[in-house]
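A quick write-up on the structure given underneath.
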Amino acid sequence: MEKVVSLAKRKGFVFQSSEIYGGLNGCWDYGPLGVELLRNIKEEWWKAMTYRDDVEGLDAAILMHPRVWEASGHVENFTDPMIDCKSCKARFRLDTLAEQISDKKKEKILKEFAAELTDNEKAELDAVLSSDESLSDKFTALLENKNLSEKLLAHTNCPNCGTKGQFTEPRSFNLMFKTFIGPVESNDNVVYLRPETAQGIFVNFLNVQSASRQKLPFGIAQIGKAFRNEINTKNFLFRTREFEQMEMQYFVKPGEDKKHYDAWKERRMQWYIDLGMSPDNLRFHDHPQDKLAHYAKEATDIEFLFPFGWGEIEGIHNRTDFDLSRHEEYSGKSMKYFDDQTKEKYIPYIIETSAGASRGFMAFLINAYDEEEVNGEKRTVLRFHPKLAPIKAAIFPLVNKDGMPEIAREIEKDLRPFFRVFYDDKGAIGRRYRRQDENGTPYCITVDTQTLEDGTVTVRERDSMAQERIHKSELMNYLAEKLK
RNA sequence: GCGGGCGUAACUCAGUUGGUAGAGUGUCAGCUUCCCAAGCUGAAUGUCGCGGGUUCGAGUCCCGUCGCCCGCUCCA
C-alpha cells in the first residue's frame, strides 16, 4: 500500500490536496498521469455503458433543489446518531445498540427505567411497548425517542465494558455537505452538495425519456462528483469526502426487474475483467435481505481485494420504484411511464449500477502494480490494460546522433494527434524502458541504425519486454489495433 | 471519535548525551553509449509537517495542532 502511494506521488498519479499547507484530510489531487488514467477509466465506462441503443447520457448539476434530498431520504436517514461509552471509549450507533444487548437484559433495563418515568412519559413508553415489533425494535424506538432516550440510556449498560449509564448524549452526524445559494447564509437558502449522482438521473427520468424517445427498458448514465462528509476518511483514495461516481440507472417494467438485475450484475463484473483486473481480486458480495438499505430490494457489491482487504468498488442495486414514487409524492408531478404496448401506466423499477471512479482508479492501480527481478535487478512495472495506460507509447532514438532523433521526432509528430505519446532521449536506453514500465506505458518505439537503412523500428512490449520490428509507417495501425 | 505508529531533499531513510543537516535512489547538464535502471564529470533541492515553550543554543526535550498509516468504531 505504501509502495503504491509512494509511486503514485513520485510518478505524478496522485498528490495530497493542499500539501504545502499540511494537507486536507481525505482529499487527493490527480497529477499528470493520474488524470489520464482516471479519464481513461471514465471513458471506457462511458463507452461500455452509453454506446448502446438503450442507454442515454446525462450530466446533472451538483446542486439540486433541497426537496430532492427530503424525497430521497437523505435528510432523514443520512445520519447516524452515535453514542460513546465514557468509560471504555467504545462507540455505538444508536440504532444498532439494542441488538448488542441480550433480551433478558433489555427487559431488566426497561423495568428499572419504567419505574422512574412521569405519567406522560409512561404513556409514551406504553405506546411503544404495545406495538407488535420485536423487543430490539421497541428498544431502538425508545432510544430514538427524544423524550425518553436520556433516561433509558442512564439505565443501559455498555455492551463492551458493562458500565451502566456512562453514555454520552446521542450525537447526530449528517453526512451531507451544506452550503447556501446566494450570499446570505440563512436556513431558507440551504442547499446540499449531492451525496450521490443518482437523484439527478431520477428527477430527469421523464425529460430524458421523452427527449430521446426511449421505451422501457432503458437506462440513463452519468459521471460526476459526489460529496459525503464522512466521519473519518481512510485508506488513501478509498474513503474520501469528495469522490466521483459512474452511475447508470436502468428503468424497467416491474416484474422484469430480476432479469435485468442479474444481467447487469454479470455485465459489470465482466467490465472489470475485460480491462485487465484479475478475477482472483474480484468477487461479489451479496447483501443479506435484513441488511438492505431502505430503498433496495436486492443488492450486491463488486469487491476488489485491496491491500487492506476486500472493499466495494461498485454497487448493483434493485431500487424498486422507491425513488420515483417518492419524487412523485414530494414534487406532486407524475413519474409514471405510459406503456403503449400494454396501455398500462406505471412507475418503473430501477436497477442501479453505481461505480466509484476514484475507487476503481485505486483498484486498477493496485491491480497493475508489480515487481519482478530481471537480470538481478528489481523491475517495477504497472501492468495496465493498454486502454487504461496513461501513456500509450514512448518514442526513443537509440542514440542521439546519426539522424535518429530527427526520425524519432517525426514519428512522435505523426502519432501525437491520435495517441498520448511521450518522447525521451535522455540517458541509456535501458533506463528509458524502465522509466516507462513504472508509468505503465505498454509500447516503446525505438529508432536504431537499421531504421536509417530500411525504415523499420523496434516496438518493445511492456509486460514481456519482447521486441518486434515493424515499419515506421505501420505504427499508426499497429497501435490502433492494440488499443481497439 | 478512541488507541498505537510515523512525519528530515522528489522517493527511501540516517542523524550519537540538545551545538542551526547527511546518504542512497531519482532529477538536471555534459561526455560516453547500437537495446533493458551501465560508466565518467558536474549541478540543483530542505525555513527537519506547522505553531508555541524550555534553553545561550532544539531535527533532537515539553505542549498544542495538522496530516498519513495500522487497529477499533463507522461505512445511509
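FYI, side chains are in, hydrogens and waters are out, and symmetry mates aren't considered; it's all heavy atoms of this structure.
Residue A:R39 qualifies as open at atom CZ: its count of foreign heavy atoms under 6.0 Å is 12 or below.
Between A:E247 and A:R268, none of the side-chain N atoms (NZ, or NE/NH1/NH2) sits under 4.0 Å from a carboxylate O, so this pair counts as no salt bridge. At a threshold of 4.0 Å, the pair A:E438-A:R10 counts as salt-bridged, since one of the basic side-chain nitrogens sits closer than that to a carboxylate oxygen. For A:D286 and A:K265, the salt-bridge test passes: some basic side-chain N is under 4.0 Å from an acidic carboxylate O. Between A:E244 and A:K42 there is a salt bridge, since at least one side-chain N of the basic residue sits less than 4.0 Å from a carboxylate O of the acidic one. Classification of A:R383 and A:D437 as a salt-bridged pair fails, no side-chain N sitting under 4.0 Å from a carboxylate O.
Only the C1' atoms considered, B:C62 is 32 Å distant from B:U45, to the nearest whole Å. Nucleotides B:A58 and B:G18 place their C1' atoms 6 Å apart, quoted to the nearest Å. Nucleotides B:G15 and B:C48 place their C1' atoms 11 Å apart, quoted to the nearest Å. When the C1' atom is used for both B:A14 and B:U32, the distance is 34 Å, rounded to whole Å. Here the separation of B:C13 from B:C6, taken at their P atoms, is 12 Å to the nearest Å. The gap from the C1' atom of B:U73 to that of B:U65 amounts to 24 Å, rounded to the nearest Å. Using P as the reference atom, B:C40 and B:G24 are 12 Å apart when rounded to the nearest Å. Nucleotides B:G67 and B:G51 are separated by 16 Å at their P atoms, to the nearest Å.
Among the heavy atoms of the strands lying under 4.0 Å from A:E438 is at least one base atom, whether or not backbone atoms are also near. When heavy atoms are screened at a 4.0 angstrom cut-off, A:E19 is found touching no nucleic acid atom at all. Counting non-hydrogen atoms under 4.0 angstrom, A:N235 reaches the backbone sugars and phosphates but no base. At the heavy-atom level, A:S6 lies under 4.0 Å from the strands shown only through sugar-phosphate atoms.
By the ring-ring contact (aromatic ring centres under 6.0 Å, His included) test, A:F304 is found to be paired with A:F306, residues two or more places apart in sequence or in another chain being considered. Remark: A:R239 pairs with A:E230 by the salt bridge (Lys or Arg N to Asp or Glu O under 4.0 Å) rule, at least two apart or across chains.
In terms of position along RNA chain B, the nucleotide closest to A:K9 lies nearer the 5' end than the nucleotide closest to the other residue of the pair A:R469 and A:K9. Checking A:E461 against A:F236, the closest nucleotide of RNA chain B that is more toward the 5' end is the one next to A:E461.
Both key distances under 3.5 Å define a Watson-Crick or G-U pair, and stretches of 3 or more such consecutive pairs in RNA chain B run B:1-7 with B:66-72, B:10-13 with B:22-25, B:27-31 with B:39-43, B:49-53 with B:61-65.
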With the criterion being N/O to N/O and under 3.5 Å, what pairs connect the protein with nucleotides 24-27 of chain B, and how long is each?
{"from": "B:G26", "atom 1": "OP1", "to": "A:R431", "atom 2": "NH1", "distance (Å)": "3.2"}
{"from": "B:U27", "atom 1": "OP1", "to": "A:R435", "atom 2": "NH1", "distance (Å)": "2.3"}
{"from": "B:U27", "atom 1": "OP2", "to": "A:R431", "atom 2": "NH1", "distance (Å)": "3.4"}

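Using a 4.5 Å heavy-atom threshold, the side chains of A:S72 and A:Y330 count as separate.
Note: A:H327 and A:F202 have tilted aromatic rings, judged against thresholds of 30 and 60 degrees for the angle between ring planes.
Remark: P of B:U33 and CE of A:M404 are 12 Å apart, rounded to the nearest angstrom.
Only A:K426, A:A428, A:I429, A:G430, listed by number, bring a heavy atom of residues 421-430 of chain A to less than 4.0 angstrom from any atom of RNA chain B.
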N/O donor to acceptor pairs below 3.5 angstrom from side-chain atoms of residues 20-34 of chain A, sequence neighbours left out:
{"from": "A:N25", "atom 1": "OD1", "to": "A:T233", "atom 2": "OG1", "distance (Å)": "2.8"}
{"from": "A:N25", "atom 1": "OD1", "to": "A:R241", "atom 2": "NH1", "distance (Å)": "2.9"}
{"from": "A:W28", "atom 1": "NE1", "to": "A:F236", "atom 2": "O", "distance (Å)": "3.2"}

